[in-house]
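Single-structure report; data block below.
Both backbone and side-chain heavy atoms feed into the values below; hydrogens, waters and symmetry mates do not. Worth saying up front: this structure is predicted, and the values here are computed from it rather than measured.
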Amino acid sequence: MTLVMIEEKGCVWCARWNEQIAPIYPKTEAGQTAPLRRVDIRDEQPSDLTFARGLHFTPTFVLMVDGQEISRIEGYPGEDFFWGVLEKMMTDAKLLPSPKGS
C-alpha cells in the first residue's frame with residue numbers, strides 16, 4: 001500500500017500540504033499503513049503504478065494497493081478535509097478499521 005502524491009513545482013496547494021501535513025503524515029496510522037510516494041506530474045508515469053484515469057490536477061493523492069489505484073483525492077482544500085477523506089478511503093478499502101461508533 002502506498003499513498004502517491006502527484007505534485008509539481010510551483011503548486012501553491014502542494015506547498016500548503018507540505019507545510020501542514022507532510023511533517024506528521026509518516027507518524028500517523030495512515031502514514032504507517034500507506035507510506036507516501038511523490039511523483040511529479042510532468043515526469044513519465046512510473047511503470048509500476050496503474051492509475052484508473054488521467055492525472056490533471058496537483059496535488060492529487062492516489063491510494064494504491066499492489067500498484068493499482070483504489071481511490072483518489074484531487075486537490076487540497078485543507079487539513080480537516082484531507083484527513084477525513086483519507087480516513088474514509090482507507091476504511092472503505094479495509095486498510096484501516098472503521099472508526100468507533102460507525
Do the non-hydrogen side-chain atoms of Pro59 and Cys11 ever get within less than 4.5 Å of each other?
yes

side-chain contact (heavy atoms from CB on, under 4.5 Å) between Leu3 and Leu86, worked out
CA-CA 10 Å; Leu3 182 67; Leu86 182 62; 4.1 Å; yes

Step-by-step side-chain contact (heavy atoms from CB on, under 4.5 Å) determination, Trp13 to Thr58:
CA-CA 7 Å; Trp13 296 105; Thr58 57; over 6 Å; no

Between the main-chain N or O of Thr50 and the side-chain N or O of Gln68, is there a donor-acceptor pair closer than 3.5 Å?
no

What residues, two or more places apart in sequence or in another chain, satisfy ring-ring contact (aromatic ring centres under 6.0 Å, His included) together with Phe82?
Trp17, Phe61

Any ion pair linking Glu7 and Arg42 (charged N to carboxylate O, less than 4.0 Å)?
no

Scan residues 12-22 for pairs that pass salt bridge (Lys or Arg N to Asp or Glu O under 4.0 Å), counting only residues two or more places apart or in two chains.
none

Can you establish whether the number of heavy atoms outside Asp80 located under 6.0 Å from its atom CG is more than 12?
no

If you draw a 6.0 Å radius around CD in Gln32, do more than 12 non-hydrogen atoms from other residues or ligands fall strictly inside?
yes

Asp40 versus Glu8, closest heavy-atom pair with distance:
OD2-CA, 3.8 Å

Minimum-distance pair of heavy atoms, taken over all atoms of Thr2 and Ala34
C-CB, 3.9 Å

Is the closest basic N to carboxylate O distance between Arg38 and Asp43 below 4.0 Å?
no

Can you name the closest pair of heavy atoms from Thr33 and Met1 and give their distance?
O-CB, 3.5 Å

Report whether Leu36 and Ile6 are members of the same hydrophobic cluster (ILVMFWY, side-chain heavy atoms less than 4.5 Å apart, transitive linking).
no

Heavy-atom side-chain contact between Met5 and Val39 under 4.5 Å
no

Within the 4.5 Å heavy-atom criterion, are Tyr76 and Thr60 side-chain neighbours or not?
no

Asp66, CG atom: more than 12 neighbouring heavy atoms under 6.0 Å
no

Shortest non-hydrogen contact from Pro97 to Glu29?
CD-OE2, 4.1 Å

With the 4.5 Å side-chain cut-off for hydrophobic clustering, are Leu63 and Trp83 part of the same group?
yes

Ile70 and Met64 have their tightest heavy-atom pair at CG1-C, 4.4 Å

Would you say Pro46 and Arg37 make side-chain contact, with heavy atoms under 4.5 Å?
yes

Leu49 backbone acceptor or donor facing Gln45 side chain under 3.5 Å
yes

